[in-house]
Number of protein chains: 2
Amino acid sequence: MANTIYDVANLAGVSTATVSRVINKIGNVSPKTETKVKSAMEKLNFTPNSLAQSFATMKSKTIGFNISLTVSDEMRDYYIDSDYFTELFKGINRITQNTGYSILIINIKENLENIRSDFIDKKKIDGLIIGNQPEDTKIFRNIINAKLPVVYIGQLKKYNKGLHVYAQYSQYVKNVIEYLYNKNHRHIAYFGAKKEDEIKKLIKHNDDITLEYYNLLFNNKHLRETILELFNKKERPTALFYEELSGIQPVISILNELNIRVPEDISIVSVEHKKGLGNNFYPPITNVYVPVYEMGKRATKILIDYIEGNITEYNHQFDLESIIIERNSVIQI
Amino acid sequence: MANTIYDVANLAGVSTATVSRVINKIGNVSPKTETKVKSAMEKLNFTPNSLAQSFATMKSKTIGFNISLTVSDEMRDYYIDSDYFTELFKGINRITQNTGYSILIINIKENLENIRSDFIDKKKIDGLIIGNQPEDTKIFRNIINAKLPVVYIGQLKKYNKGLHVYAQYSQYVKNVIEYLYNKNHRHIAYFGAKKEDEIKKLIKHNDDITLEYYNLLFNNKHLRETILELFNKKERPTALFYEELSGIQPVISILNELNIRVPEDISIVSVEHKKGLGNNFYPPITNVYVPVYEMGKRATKILIDYIEGNITEYNHQFDLESIIIERNSVIQI
DNA sequence: CTGAAAGCGCTTACAG
DNA sequence: CTGAAAGCGCTTACAG
């Protein structure tokens, strides 16, 4: 059997309370006593049982990370494979590794109610990070209203409450279109997740811009046909805003086939969730950089601060800025 | 305060032992009693405290996943960003989500000794999966000799013990070279992690093959110069075995610049850790498919079986096969 | 600065 | 099929 705190206390000739104080560096212990206890721990090769510690304190020192909530299986796989997930994960990990917290992966198939009852209520985790924008459901509202330790990424429409980190998606979609507009592009093809009418609301120069809209973000089976169709029109767009960076290479390949040069014949802008990814292409792609790594770090800091009572405020949106990184895929016309 | 098992027992008019039996579906409980207990749990909105459960059973129902052990920071980032990590992670998650186990991410900066004392000894995890091939250290041998619940990926040279899953790296390197040989390639450039002399030992037709060797797997800063140099020689290779799939696109771009066509002028083979990745290129790349997803699943199954006493054997290597998937980047010459 | 002791919420051999 | 009670290994108010 492994040694317990009692064995240490006996060997050191002190009480378990004192051993506990030494372990947790809490309260005042005289240097002499501390030395005795430490050498007893050493001698017995003692390491505290964290299950007992967690039980006694009702704190698991663990935060849950849920990758994607209430989405289809297809979307889930997309998330885990994405740079978005990887960067978020690295950001979270970066913070936890210096705080003594561990990351518990919350099973991907769980819905929010299961997470709440199985993990938060059962104390298996001290808090939760939700990696994607949750839907505005009754369950979610209950969680927020109960002020449970949950931080989410994104924005909750019409219910801007709770603790969340947001990179202002609408803002950067707008910024890209304006960026292209300022380079005198007036005919832009958009491939992405935002809805057509939402985009139109964002843009200032609607009368002056022709926007070709395609929402095939997670289904680019028809990419080839779509691109061919688009570029066989007599009025070709001069710029492409293609949100999904992993789809850029196929697009470039198809354009190559058609002898359409980037950027001479068509300018391209995409989105990178990891800084520098646009450099992996030929030509290097001008991208919006969404600081997902930073978002993961920020979300984790906030969560731990809230768990530990360092912040008491509960409803707050933490904004991070996305910036356009200019490379060689856009020209002024 | 949240309700405890005592509250449920009182309301149902039974003992806590009986409530526990109902919760854990263990032992015999009469249907009547079960109904009473269940409705009491429902009424009180009771959910067992998993910290107390873990403490009482000394089982955390959690397995640790360590991504990379005893490697440099640079390598660590490489791992997390790689398809290898993602696929392994998905495989592990796939199994845990159906077994009641959770995944605890073991902090990336930890070394094996810290993992052992902080997680395994402290009971924070029931077992550990090590995502990469561990070095043959004293600590590692101690762990294996103590038959601790640890499963690792890869092979431990000269010390082929413990539980591990292996995709036979040497074997597939050999297979690729022979595959190219059978297509009449006699001049092959290799870019990868294996050492030159190891490769020579693997190949049958050494006298008949010219192998240009480059070990720049994790440092392709000089990729461009290297490729230019290689293809400016008068004796160009006819085939390229480039292990790092994420580097294939830059290679193709550089070849495009040089007006060297794939596969007409040069055949290319790479390695994919996720099935189908070779299709994302133009032309589609003929790849070795290493079944990392499957490896993650297998490792997790073995670990859980060992933890739960379903297997008692400790020293076993579980082999998985890597296969070559033919696409359009290799020609017969 | 230190100790005695209750308590955290379950599980489980044991007895019936 | 069911219950009384010990026990898991810590922490922490309280007293001194």
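Scope of the values below: all heavy atoms of this structure, side chains included, with no hydrogens, waters or symmetry mates.
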Output the rounded distance in Å from [atom1] ([X]) to [atom2] ([N]).
| X | N | atom1 | atom2 | answer |
| --- | --- | --- | --- | --- |
| Lys123(A) | dC10(C) | NZ | P | 11 Å |
| Ile5(A) | dA5(C) | CD1 | P | 17 Å |
| Lys25(B) | dT11(C) | NZ | C1' | 16 Å |
| Lys32(B) | dC1(D) | NZ | P | 13 Å |
| Lys61(A) | dC10(D) | NZ | C1' | 16 Å |
| Arg21(B) | dT2(D) | CZ | P | 8 Å |

Tell me, please, which residues at least two apart from Asn315(A) pass side chain to side chain donor-acceptor pair (under 3.5 Å).
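If we apply the side chain to side chain donor-acceptor pair (under 3.5 Å) test to Asn315(A), skipping adjacent residues, there are no hits.
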Can you sort out the partners of Asp319(B) under side chain to side chain donor-acceptor pair (under 3.5 Å), two or more places apart, ordered by chain and number?
Gln317(B)
Presence of salt bridge, Glu313(A) and Lys161(A), under 4.0 angstrom:
no
Inspect the contact between Glu308(B) and Lys61(B) and indicate whether a charged nitrogen and a carboxylate oxygen are less than 4.0 angstrom apart.
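Judged by the 4.0 Å cut-off on N to carboxylate O distance, Lys61(B) and Glu308(B) do form a salt bridge.
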Between dA5(C) and dC1(C), how far apart are the two P atoms, rounded to whole Å?
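One P to the other, the span is 24 Å.
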Please give the distance between the P atoms of dA13(C) and dG9(C) as a whole number of Å.
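To the nearest whole Å, 23 Å.
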Any side chain to side chain donor-acceptor pair (under 3.5 Å) pairs touching residues 42-60 of chain B, not counting sequence neighbours?
Ser60(B)-Asp126(B)
Within less than 4.0 Å of OP1 or OP2 of [N], is there a side-chain N or O belonging to [X]?
| X | N | answer |
| --- | --- | --- |
| Thr4(A) | dG9(D) | no |
| Ser20(A) | dT12(D) | no |
| Asn24(B) | dT11(C) | yes |

Pairs touching residues 295-316 of chain B that satisfy ring-ring contact (aromatic ring centres under 6.0 Å, His included), sequence neighbours left out:
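Every pair satisfying ring-ring contact (aromatic ring centres under 6.0 Å, His included) with a residue in residues 295-316 of chain B: Tyr306(B)-Tyr314(B), His316(B)-Phe318(B).
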Keeping to residues at least two apart or across chains, list the ring-ring contact (aromatic ring centres under 6.0 Å, His included) pairs with something in residues 36-60 of chain B.
Phe55(A)-Phe55(B)
Which parts of residues 10-19 of chain A get close to DNA chain D, meaning a heavy atom less than 4.0 angstrom away?
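Within residues 10-19 of chain A, the residues near DNA chain D are Thr16(A), Ala17(A).
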For Arg116(B), enumerate each residue passing the salt bridge (Lys or Arg N to Asp or Glu O under 4.0 Å) test, keeping only those at least two apart in sequence or located in another chain.
Glu113(B), Asp121(B)
Assert: residue with more 5' nearest nucleotide on DNA chain C, out of Glu34(A) and Tyr6(A), is Glu34(A)
Regarding the side chain of Asn28(B), the nearest nucleotide among dC1(D), dT2(C), dC14(C) is dC1(D)
In a table with atom names and distances, give each donor-acceptor pair under 3.5 Å that connects a side chain of residues 290-297 of chain A to protein atoms at least two apart or in another chain.
| from | atom 1 | to | atom 2 | distance (Å) |
| --- | --- | --- | --- | --- |
| Tyr293(A) | OH | Arg94(A) | NH1 | 3.3 |

How would DNA chain D look in dot-bracket form, 5' to 3', counting Watson-Crick and G-U wobble pairs with both distances under 3.5 Å and writing | for bases paired to another strand?
|||.||||||||.|||
Which residues in residues 40-59 of chain A have at least one heavy atom lying under 4.0 Å from any atom of DNA chain C?
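DNA chain C contact set from residues 40-59 of chain A: Phe55(A), Ala56(A), Met58(A).
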Is it the case that the side chains of Thr96(B) and Thr99(B) hold a donor-acceptor pair, with the cut-off being a distance below 3.5 Å and no angle test?
no
Which residue pairs pass the salt bridge (charged side-chain N to carboxylate O under 4.0 Å, His left out) test when at least one of the two sits in residues 11-34 of chain B, sequence neighbours left out?
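Sorted pair list: Glu34(B)-Lys38(B).
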Residues two or more places apart in sequence or in another chain: which of them pass ring pair (Phe, Tyr, Trp, His ring centres under 6.0 Å) with Tyr166(B)?
none
